[in-house]
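These notes are about the structure you will find just below.
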Amino acid sequence: MNDKLALPVGTTLDRFIMRKQEDFPYATGELSQLLRDIALASKIVNREINRAGLLGITGAYGQQNVQGEEQQKLDVIANIRFIRALRNGGEVCTIISEEEDEIIQTGNTRGKYIVAMDPLDGSSNIDVNVSIGTIFSVYRRTSEAGSDGTEKDCLQSGTKQIAAGYIIYGSSTMMVYTTGNGVNGFTYEPSLGEFFLSHPDITTPKAGTIYSCNEGHVNSFSEGIRKYLRYCQDNNYSARYIGSLVADFHRNLLKGGIYIYPSTTKSPNGKLRLMYECNTLAFIIEQAGGKATDGCNRIMEMEPAELHQRCPLIIGSSEMVDKAVEFLREEAAAERTVGAATKEMLR
Ligand code: P6P
């Protein structure tokens with residue numbers, strides 16, 4: 001299928017994946033199968049989320065994850081579902097999960113791929129019926145097939161991603177992903193058990209009037225971030241912050257906007273994780289024409305040192321991200337000037 005012939009709205013995810021695979025003559029179908037495995041797990045998780053209140057699977061699980069965060073029962077359930085689907089699918093040798101301290105070996109030693117995932121992000125919102133999401137990135141292993149994947153296989157920069165996506169469990173359930181040739185969105189029809197193409201070739205507006213940030217932490221933000229937030233308010237932008245990254249990101253992707261989880265005095269590296277939140281959404285936003293930075297560096301070029309490392313995230317419409325970075329650069333320049341003047345005075 002010629003990539004130039006856009007596939008019609010209503011194309012099933014399976015057919016879409018197959019047609020797009022035809023665009024890659026050397027594709028062997030493993031990545032296609034991996035995407036199907038993720039879609040399958042998301043259908044199961046979707047069903048459990050929708051019935052959580054009836055099945056007694058809301059609320060805390062009673063343990064903390066490696067991040068020191070209270071695991072919700074559905075965090076654990078979603079983690080199990082995605083690991084099982086990827087293990088049974090056979091294409092993935094190793095998984096990084098927000099819910100697991102160490103890398104997970106699937107036993108598929110011939111598997112070509114690594115998956116980094118947050119099985120259920122925003123889970124504190126589950127009990128109050130607010131949209132939540134699954135976030136995933138796919139990398140090609142760098143080690144030889146035939147043995148378990150290594151930590152080095154897992155610690156690759158975002159530019160090495162071969163696919164990235166999320167599932168948003170919201171007023172409708174959608175899967176949005178990219179393999180590096182644009183971004184496409186699929187809406188789930190539960191009565192048929194299928195995802196259907198509903199948002200072909202998603203591009204994000206260059207500018208918007210929505211800013212997403214937890215302004216309750218404003219006193220711990222840098223002066224540059226505080227100045228940018230005041231700039232948004234002076235320009236009568238709308239503050240929209242759901243407390244669920246996938247939901248805030250998805251709205252801003254479609255309408256234009258910026259999401260900021262910056263460095264704070266308490267958490268200098270911010271809260272969000274590089275490998276399975278920031279890199280994933282950075283790949284998607286760049287493919288849709290937007291930008292993603294930690295305030296100084298392009299997120300996708302950051303070299304990960306640890307599986308669960310955190311990084312500040314400023315992501316969204318390109319002109320809005322540029323403006324936020326401008327305020328941060330002005331602050332850095334002012335600090336250098338003050339630093340130099342102080343040094344001069346102390347000579
Ligand atoms: P805060 C959820 O825990 C999450 O990782 C993102 O989904 C969300 O945007 C953010 O943290 C909310 O964090 O500190 O504003 O409650």
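Bear in mind the structure is a predicted one, so any value in this text is a computation, not a measurement. In listed order, ligands and their atoms are each counted from 1.
Each of E91, Q21, K20 was evaluated against S32; a single residue qualifies, Q21, per the side-chain hydrogen bond (donor to acceptor under 3.5 Å, both in side chains) test.
Nearest to atom 14 (O) of ligand 1 among the protein's heavy atoms is Y261 OH, 2.6 Å. Nearest non-hydrogen protein atom to atom 8 (C) of ligand 1 is G243 O, 3.5 Å. For atom 11 (O) of ligand 1, the closest heavy atom belonging to the protein is K271 NZ, 3.0 Å. Here the protein heavy atom with the shortest distance to atom 9 (O) of ligand 1 is Y259 OH, 2.7 Å.
The backbone N or O of Y169 lies less than 3.5 Å from no partner atom in the side chain of T173, so there is not a single donor-acceptor pair. When atom types are taken as modelled, the side chain of N108 and the backbone of V92 share a donor-acceptor pair closer than 3.5 angstrom.
Those atoms of ligand 1 with a heavy atom of Y241 less than 4.0 angstrom away are 1 (P), 9 (O), 10 (C), 12 (C), 13 (O), 15 (O). Listed by number with element, the atoms of ligand 1 under 4.0 Å from a non-hydrogen atom of L272 are 5 (O). Remark: ligand 1 atoms within the under-4.0 Å shell around heavy atoms of H217 are 14 (O).
A salt bridge links R81 and E48; the closest N-O separation between the charged side-chain nitrogens and carboxylate oxygens is under 4.0 Å. Ion pairing between E286 and R298 holds under the 4.0 Å rule for side-chain N and carboxylate O. Using a cut-off of 4.0 Å between Lys/Arg side-chain N and Asp/Glu carboxylate O, D14 and R36 are scored as salt-bridged.
Neither the backbone nor the side chain of I242 has a heavy atom within less than 4.0 Å of ligand 1.
Residue-to-ligand polar distances place L245 within reach of ligand 1: an N/O pair is separated by less than 3.5 Å. Geometrically, ligand 1 and N214 share a nitrogen or oxygen pair separated by less than 3.5 Å.
Ligand 1 lies within reach of D121, whose nearest heavy atom is under 4.0 Å from it.
Both the sub-6.0 Å distance and the 45° axial angle are satisfied by K323 relative to the ring of Y231.
No more than 12 heavy atoms of other residues, nucleotides or ligands shown are found within 6.0 angstrom of CG on N129.
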